[in-house]
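Have a look at the structure below, then the notes.
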Amino acid sequence: MHLSTILASVVLTIASLTTAQPLEVRQAPDRFYLQTQVVPGINDCGSNKQGLYVYSYHTGAGLGVAAASADSSDDSWFYLNGTQLMWTYEGNTIGPWPVVVSSYPYQAFNPISISIASAGSQEGYSTNGTGLQSTAAGGGWIACDWWFTAPQIFAVTGYRNTPLPTSCSKVNLILVPVA
Ligand SMILES: *[C@@H]1O[C@H](CO)[C@@H](O)[C@H](O)[C@H]1NC(C)=O
Ligand SMILES: *[C@@H]1O[C@H](CO)[C@@H](O)[C@H](O)[C@H]1NC(C)=O
């Protein structure tokens with residue numbers, strides 16, 4: 001082989017590696033569950049927050065907040081529409097509803113609504129292929145024993161590095177493809 005041919009194939013190989021890989025890594029599955037993973041090296045505080053599935057905890061007709069339970073439901077999943085995160089239940093009988101981080105000023109962490117009534121929808125969600133990120137959750141996610149019978153999920157803003165309540169665990173929200 002001529003050196004130029006070898007070089008060309010090397011360049012092609014590198015090009016296909018650099019173009020194909022990041023796309024594959026960042027691609028979200030069409031439908032996925034969001035499963036909590038207590039951030040490695042951090043204590044799991046309060047009730048167990050490991051391996052729970054995020055869903056819309058019913059708080060009223062068409063109203064819900066992000067909470068998490070040990071049960072996954074085959075009929076309840078998330079998907080990304082561009083950079084909007086949507087949740088749906090029972091094969092679209094309920095939803096799709098947008099997942100919206102509330103934005104109260106001066107709060108260290110904000111609740112997340114998953115409601116028909118969510119004011120519009122919210123852009124800014126993405127994935128690195130493993131975990132969920134949002135521009136509204138610069139400090140990541142926490143799961144806390146709060147007002148409800150299931151742990152509630154909040155978005156951490158990082159405001160003033162306020163200490164978190166002792167029932168809260170820092171979690172990653174891992175994308176698990178729906179089989
Ligand atoms: C995606 O978003 C667009 C624009 O908001 C909307 O018209 C469309 O219905 C959405 N599709 C799904 C599957 O959610
Ligand atoms: C992706 O994000 C998760 C947290 O959501 C993190 O644990 C993981 O290390 C990240 N992976 C890469 C390749 O950045």
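One-based numbering, in listed order, for ligands and for the atoms of each.
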Given side chains that start at C-beta, do those of Ile94 and Trp87 come closer than 4.5 Å, heavy atoms only?
-> yes
Minimum side-chain heavy-atom gap Asp75-Thr93 below 4.5 Å = no
Side-chain touch Tyr79/Val178, heavy atoms, less than 4.5 angstrom | no
Evaluate the side-chain proximity of Tyr57 to Ser69: yes if any heavy-atom separation is below 4.5 Å, no if none is.
-> no
Going by the order shown, which atoms of ligand 2 are within less than 4.0 Å of some heavy atom of Asn172?
-> 4 (C), 5 (O), 7 (O)
Can you confirm whether something in the protein, heavy atoms only, sits under 4.0 Å from atom 4 (C) of ligand 1?
-> no
Verify the distance criterion only: is there a donor paired with an acceptor across the side chains of Asn110 and Ser102 at less than 3.5 Å?
-> no
State the atoms of ligand 2, each with its element, that fall below the 4.0 Å cut-off from a heavy-atom position in Gln133.
-> 2 (O), 5 (O)
Could you say whether the N/O atoms of Tyr79 and ligand 1 ever approach to under 3.5 Å?
-> yes
For Cys45 and Cys168, is the interatomic SG distance under 2.5 angstrom?
-> no
Hey, is atom 9 (O) of ligand 1 touched by any protein heavy atom at less than 4.0 Å?
-> no
Does Gln37, backbone or side chain, put an N or O under 3.5 Å from an N or O of ligand 2?
-> no
Find all atoms of ligand 2 within a distance of less than 4.0 Å from any non-hydrogen atom belonging to Gly131, and give their numbers and elements.
-> 5 (O)
among protein heavy atoms, the one nearest atom 1 (C) of ligand 1 is Asn81 ND2, 1.4 Å
